[in-house]
2 protein chains.
Amino acid sequence: MLNNRPGQSIPEETRQRVLEAARNLNYRPHASARALAAGRSDIVLLSIPDIPIGAGISRFIEGLAGALAAHKLTLVTHLAGAHGRPLPDVCAAVGASAVVGFESFDPATIKELHRAGAEVVLPSHAEHSYAMHPIGQIQAKHLIERGHQRLGYALTAHPGLASMARDRLGGVIEACAEAGLPAPLALATSLDADVAADAVARWSAEGVTAICAFNDETATAILAGMRAHGLTSPQDLAVIGVDDIPTARLADPPLTTIIFDMDQVVTRRAEAVLAGLAKTTDQSDQAWIDPQIVVRSST
Amino acid sequence: MLNNRPGQSIPEETRQRVLEAARNLNYRPHASARALAAGRSDIVLLSIPDIPIGAGISRFIEGLAGALAAHKLTLVTHLAGAHGRPLPDVCAAVGASAVVGFESFDPATIKELHRAGAEVVLPSHAEHSYAMHPIGQIQAKHLIERGHQRLGYALTAHPGLASMARDRLGGVIEACAEAGLPAPLALATSLDADVAADAVARWSAEGVTAICAFNDETATAILAGMRAHGLTSPQDLAVIGVDDIPTARLADPPLTTIIFDMDQVVTRRAEAVLAGLAKTTDQSDQAWIDPQIVVRSST
DNA sequence: GTGAAAGCGCTAACAT
DNA sequence: ATGTTAGCGCTTTCAC
């Protein structure tokens with residue numbers, strides 16, 4: 001009866017009474033016991049790589065937690081820092097039946113995760129992670145449409161972000177090629193005004209008139225580097241960032257940036273988890289739908 | 001033997017061989033079963049309130065995860081967003097034996113958490129959360145030492161941060177009182193240059209010469225508001241933030257800010273968890289040690 | 001000191 | 001359709 005199966009011979013009213021009594025007694029099904037007996041838990045583990053966490057990622061996490069909660073799944077997050085436990089250990093410890101990450105896991109990790117009890121691991125092998133490539137394309141197109149012929153790309157110094165930067169740069173390269181323009185001049189930068197000033201000098205010397213920055217912080221650094229040379233944006237050098245961080249519109253001049261619709265990504269990921277959990281077999285990769293990416297222009 | 005108790009009659013070499021064999025077979029003790037039998041898990045659940053997550057909090061999480069991992073405990077994080085599951089549910093679902101949060105939980109939640117299986121819940125009742133008060137004090141002292149006689153305080157518009165802002169403002173008020181100065185003029189601001197400009201006008205009209213901002217983003221907004229009036233910092237109005245966000249030193253002028261030593265906070269929290277788990281009874285609150293808080297001045 | 005056995009709190013598969 | 005029972009994979013306790 002406590003199984004609460006419907007269509008009982010027991011009168012409905014009585015059933016409700018029992019259920020209410022149980023609630024009043026603060027009864028909780030013991031999750032560990034349940035997981036042990038059923039062989040699966042309702043835990044989904046989200047692994048965050050070692051990257052700076054901003055508003056975007058928080059929204060992603062909370063959105064995913066909400067979408068999964070609607071299906072009685074519980075999301076917990078693990079920050080894959082240097083000193084924490086390895087992901088498979090965490091997976092085993094919480095008894096997660098699904099693990100989702102941002103970028104694709106390497107095959108060895110995937111195998112370990114499955115051994116640790118995860119039925120579904122996402123993103124599966126070849127799936128694009130975060131729509132990095134399209135972001136670069138849109139940045140470049142925005143600048144090209146405004147007449148810029150020679151673009152620069154500002155890479156990030158953060159190691160954990162390097163592969164994302166490469167993906168985004170790829171999009172910029174593609175957009176330049178499609179427009180018949182020379183490839184962008186990609187330069188390493190850091191969150192330091194002097195380093196950024198050097199890059200600015202280099203770009204100026206090469207005739208670059210517009211920069212796609214990896215993100216808004218990088219873009220802010222470039223603005224600072226330009227100030228050191230007495231240059232102003234966008235006249236001397238146009239800059240476009242990514243993320244729309246809170247300080248983006250407070251910059252001088254306000255930053256043009258890329259806004260990223262998390263909800264779509266969230267929904268898609270949640271559905272993938274649900275689908276994977278529904279039928280562990282037949283994990284046909286669904287088609288990746290590019291999320292809505294939009295430019296917020298300050299000009 | 002698999003219990004791995006020391007001091008066996010079995011030769012050491014054999015023991016190691018067996019252990020290694022187990023490792024090679026990718027054996028993992030099933031966490032749910034272990035938790036069920038032992039009545040406690042090695043999971044610690046960290047609850048993050050609905051506040052913007054930045055580098056500081058990430059460092060806190062990773063540091064705590066590392067400190068606990070050293071004691072064979074696994075940290076997982078839960079973002080208490082609007083649509084996720086309530087904390088006690090998550091606690092029960094992962095079978096956490098400890099729950100740690102940033103601010104004190106209310107008594108009802110604490111009771112529920114214990115019922116959900118948590119042996120220790122931190123911070124316990126009266127404990128200070130995050131050294132908010134001292135931060136405000138140090139901000140104010142820094143400005144007062146530089147000769148400012150009339151301070152302003154810039155509150156944040158973010159609802160989740162309001163109580164922190166009050167605590168920090170309390171520190172500023174105290175520092176002003178101690179120095180025999182009038183109470184600071186606290187004004188609501190938001191991350192919008194126009195709103196900040198209004199606040200700046202008001203402060204100027206009241207003879208305020210220096211602002212303690214709730215955090216670096218608020219401070220950046222004030223700088224933007226000052227630009228709208230053609231004012232420059234620190235001559236016309238000195239501003240000090242909190243957090244040392246990456247863009248702080250990229251601002252024009254570079255922001256003076258408060259740097260917060262996370263390691264100390266982390267260590268203290270980890271120790272509290274360990275102590276609580278060691279003897280569930282006798283939860284005498286340890287003395288709160290103010291963490292090291294230091295000013296990074298741009299001048 | 002070593003092995004066997006009895007549960008932990010549930011779920012699922014079974015008889016009735 | 002209902003009640004009963006056998007485990008899930010461990011830990012702990014109790015005999016040997």
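Lettering follows sequence order; numbering is per chain, from 1.
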Query raised in the report: From B/Ile110 CD1 over to B/Ser104 OG, what is the distance, rounded to the nearest 0.5 angstrom?
Result: 7.5 Å
Requested in this report: Kindly write out the residues that satisfy side chain to side chain contact (heavy atoms under 4.5 Å, CB included) with A/Arg28, not counting sequence neighbours, or none if the list is empty.
Outcome: B/Pro88, B/Asp89, B/Ala92, B/Glu112, B/Ala116
Query raised in the report: Just by distance, do the side chain of A/Asp243 and the backbone of A/Ile245 share a donor-acceptor pair under 3.5 Å?
Result: no
In residues 75-86 of chain A, what donor-acceptor pairs under 3.5 Å come from side-chain atoms, sequence neighbours left out?
unit_1, atom_1, unit_2, atom_2, d
A/His78, NE2, A/Arg85, O, 3.4
A/Arg85, NH1, B/Thr74, OG1, 2.7

Report task. Map every base of DNA chain D to its dot-bracket character, where paired means a Watson-Crick or G-U wobble contact with both distances under 3.5 Å and | marks a partner outside the strand. Result -> ..||||||||||||||
Report task. Output all residues satisfying side chain to side chain contact (heavy atoms under 4.5 Å, CB included) with B/Ala31, sequence neighbours left out; order by chain, then residue number. Result -> none
Report task. Quickly, which of B/Leu161, B/Asn215, B/Ile57, B/Thr156 forms a side-chain contact (heavy atoms from CB on, under 4.5 Å) with B/Pro52? Name it, please. Result -> B/Leu161
Report task. List for me each residue that meets side chain to side chain donor-acceptor pair (under 3.5 Å) alongside B/Thr267, sequence neighbours excluded, and say none if there are none. Result -> none
Taking only N/O atoms, report every protein-nucleotides 6-9 of chain D pair under 3.5 Å with atom names and distance.
unit_1, atom_1, unit_2, atom_2, d
D/dC8, O2, A/Ala37, N, 3.3
D/dG9, N2, B/Ala33, O, 3.4

